[in-house]
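To find a chain, count down the sequence lines: A is the first, B the second, and so on, and within it residues start at 1. Being a predicted model, the structure only gives us computed values, none of them experimental.
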Amino acid sequence: FGTDLTALGLNLTATEKLYPSFAGPWSDRTLSVHEIDYPVPPEYLIS
Amino acid sequence: PLGPVSLSKSCYYQLAMLDAAAHHQIYPSDSQRLRLYLPATRYQSPSYYPQTVLPHSDTAEFFHRLSTETLFFIFYFMEGTKAQYLAAKALKKQSWRFHTKYMMWFQRHEEPKSITDEYEQGTYIYFDYDKWGQRKKEGFTFEYRYLE
Amino acid sequence: EGDPPGLVERTEKLLREWVGIHQSGQTAKMFPIFVQQMTVHGILKTDDLVTRFFRLSTEMCVESCYRLLATQPNGPNSLELRTKCYETLDAFTMLIVLLIKNSGSSSSTNLTPEPAAKINLLSKILSIIANVAIKDQETRRAEFQHLAYYRILILLFIELNLSPPMLGLPTQGFNNFNQMTANDVFADNVQLQVLYEFSKTLRLLKPSRVPSFAFAWLDFLSHRLFVEKCLSGQPANRPSGNILKGWALYAQLLIDLIKFEAPFLRNVELPPSVDLLYKGTLKMFLVLLHDFPEFLCEYCYSLCDVIPCNAIQLRNLVLSAFPRKMRLPDPFTPNLKIDQLPEMSQPPKTSALQNNLISTVTFKDELDSFLKTRSPVSFLNNLVGYLRAQSNQIALSLGGSKMNSLNVPLLNALVLYVGQSAISSIQPRPISLTNIAGTTQMDIFQHLATKLDTEGRYLFLNAIANQLRYPNSHTHYFSSALLYLFAVAPSEQIQEQITRVLVERLIIMRPHPWGLLVTFIELIKNPIFKFWKHEFVRCAPEIEKLFESVARSCC
């Protein structure tokens, strides 16, 4: 009967897109903002 | 009605390789830049701690409600991430401005004593990430070439 | 042939030095000095030496990773161990990024440095890394580990995309999503070339060639940045040609993945590792369905050509996609008059190549002639034989053996071609059971329904059911065609098989395509089909219960 796709940890009712915080095919959670590499201005890369 | 199809030899080889590969877990950190301060370590905290991402915690509105201290923490400890980007936006909204030479955030303490095309001069509050605290700086010249 | 004497030692020395520089955080400042070192060691003297340097460096990074991982052979790696692996790999990746960034002329006269040299160097390095991985798979086989290759490739992709300056592109990137400057369009074209190089590399490393890399490969395919660059229309009004090119690259990779899984899916009972890969595939498709339904609409034909008949849920996922702007009426609405929906007279918007399998000129000429004039009369009698012959020819050309089953893409293409011809000959009259009856197109479908054997007919009916999607003229026509074939079937066996093709798609967990639901509801509700009077509806208690439960949920 297939898989219950509503139980894969994806918020299918979300209005915004899922892929920006998609943690990958085998992760059961979405990424937090501090885990998402982002094109910040080079000056912010303090270290 | 199609019935099973016997697998070819190459399929059996592929399956054997796939079985072996299934034992080498893919970590979320495998595809993320190395985090200097907060590495992506999965750690089982007590179940009564929030285990999922706070709703809407990836929105500018959420960051606008965070305290200045929290925003500075996020800015300096979550470098190169969307969190740092959103923290910077929220700090700017609170009239902080990033000095690209000192790599610190400055806020006017009062109207500058002088303003030219190249700079402004006066008393500022700045956040010193070395000493981790806000400081007052009088007679400081904020050169616009260092304004982000 | 072997490397020049001393090259391995010099490469190792340089690589160690660079890892040390990277760990000190001085890469940007020390890079020019390091390049001089490379020059002194003669690494940059010829193209061949550059190639050897990158191959040797990749092999050394891979080896160091294997040595580290071997210190913890069992159980999940500790983060410390993983981080140690990353340090060497990230250093090597950053060296590649900086070499790419500084390659090619950037004379002060031209506004933007010549990116062609950068793209060429990127292409060379990516193919070197891929070939080292392929050789490693052949050598290590089950001992192969993805980490080194995956980390280098994904981080290279991230750095080249998150920091456009690396390609000598304008730093403002695409901050202003509302409109693109000429510079932005230029940058978008360059980033499309980068995307093309990475998708070419992923094709080189596709699961059927490097099965040990399959999980990492799917992780790369699902990575938010790769999905963004391939499929997203951001920034707004990006050149549409570039968006469609990104779609085509991504679609081809999805097809590579499904082709790898297909032989295992075909047999339903999935080995655990395939089940894990397939569950990951479903999850990725679910994200695509939610975020990029138009992409799935665009490529549903190509995807249905490779999705095996047993992968019903995956196929339902693809067929459930509909344009975001469209509002679907609830299929369970009592007395829903689907033929009055305005969308039902519009063809699905797609520019994807289709019917490309009816390329045999003679067949197409005869088909067109029969569709127009019902001659040559022999066309129908030869049709099944032709399909079998073509199937065998395609199988042999793909290096397979003679198939006793029909070629699915060929059958899909034929059904779609004939259906489109029927729609254009019926419209502007409404599509209805009355208007499709007695047409040459329906002659062909009825001939196939009665002359094909059970298996062939199952594939044929699936080809029709694959057209039951969101409200459009194809859904409307093929829904009517399936119901008409049920109504005029000369034997109950055909009616049973039509029912089976629909029901096996409905009893699978969601999602279900809109067209499938409205067709089945019509079948069980409309008294002209006498559905409930058929023997097969009660052929077994659980079947009877199944129909009643489906009927309850449908009605």
Q.
Does atom NZ (A:K17) have a neighbourhood of more than 12 heavy atoms from anything else shown, all under 6.0 Å?
A. yes
Q) How would you list all residue pairs meeting salt bridge (Lys or Arg N to Asp or Glu O under 4.0 Å) that involve residues 89-105 of chain B, not counting sequence neighbours? A) B:K92-B:E148, B:R97-B:E120
(Q) So which atom in B:T81 and which in A:H34 form the shortest heavy-atom distance, rounded to 0.1 Å? (A) CG2-O, 3.3 Å
Q. Is it true that a side-chain atom of B:Q32 and a backbone atom of A:I36 form a donor plus acceptor pair closer than 3.5 Å?
A. no
Q: Check whether more than 12 heavy atoms from other residues, nucleotides or ligands sit under 6.0 Å from atom OH of B:Y119, and answer yes or no.
A: no
(Q) Are A:S47 and B:Y37 packed together at the side-chain level, in the sense that at least one heavy-atom pair is separated by less than 4.5 angstrom? (A) yes
Q) Looking at side-chain heavy atoms only, is the closest gap between B:R35 and A:D37 below 4.5 Å? A) yes
Q. Is any side-chain heavy atom of B:F98 closer than 4.5 Å to a side-chain heavy atom of A:E43?
A. yes
Q. Within residues 63-76 of chain B, which positions have a heavy-atom distance to chain A below 4.5 Å?
A. B:F63, B:F75, B:Y76
Q. For the candidates B:Q25, B:M78, B:Q84, which exhibits the highest count of non-hydrogen atom pairs separated by less than 4.5 Å from chain A?
A. B:Q84
Q. Backbone N or O of A:I46 within a donor-acceptor pair of the B:E79 side chain at under 3.5 Å?
A. yes
Q: Examine distances only and state if a side-chain atom of B:D58 and a backbone atom of A:V33 form a donor-acceptor pair shorter than 3.5 Å.
A: no
**Q.** Interatomic spacing from OG in A:S32 to CG in B:L54 - rounded to 0.5 Å
**A.** 8.5 Å
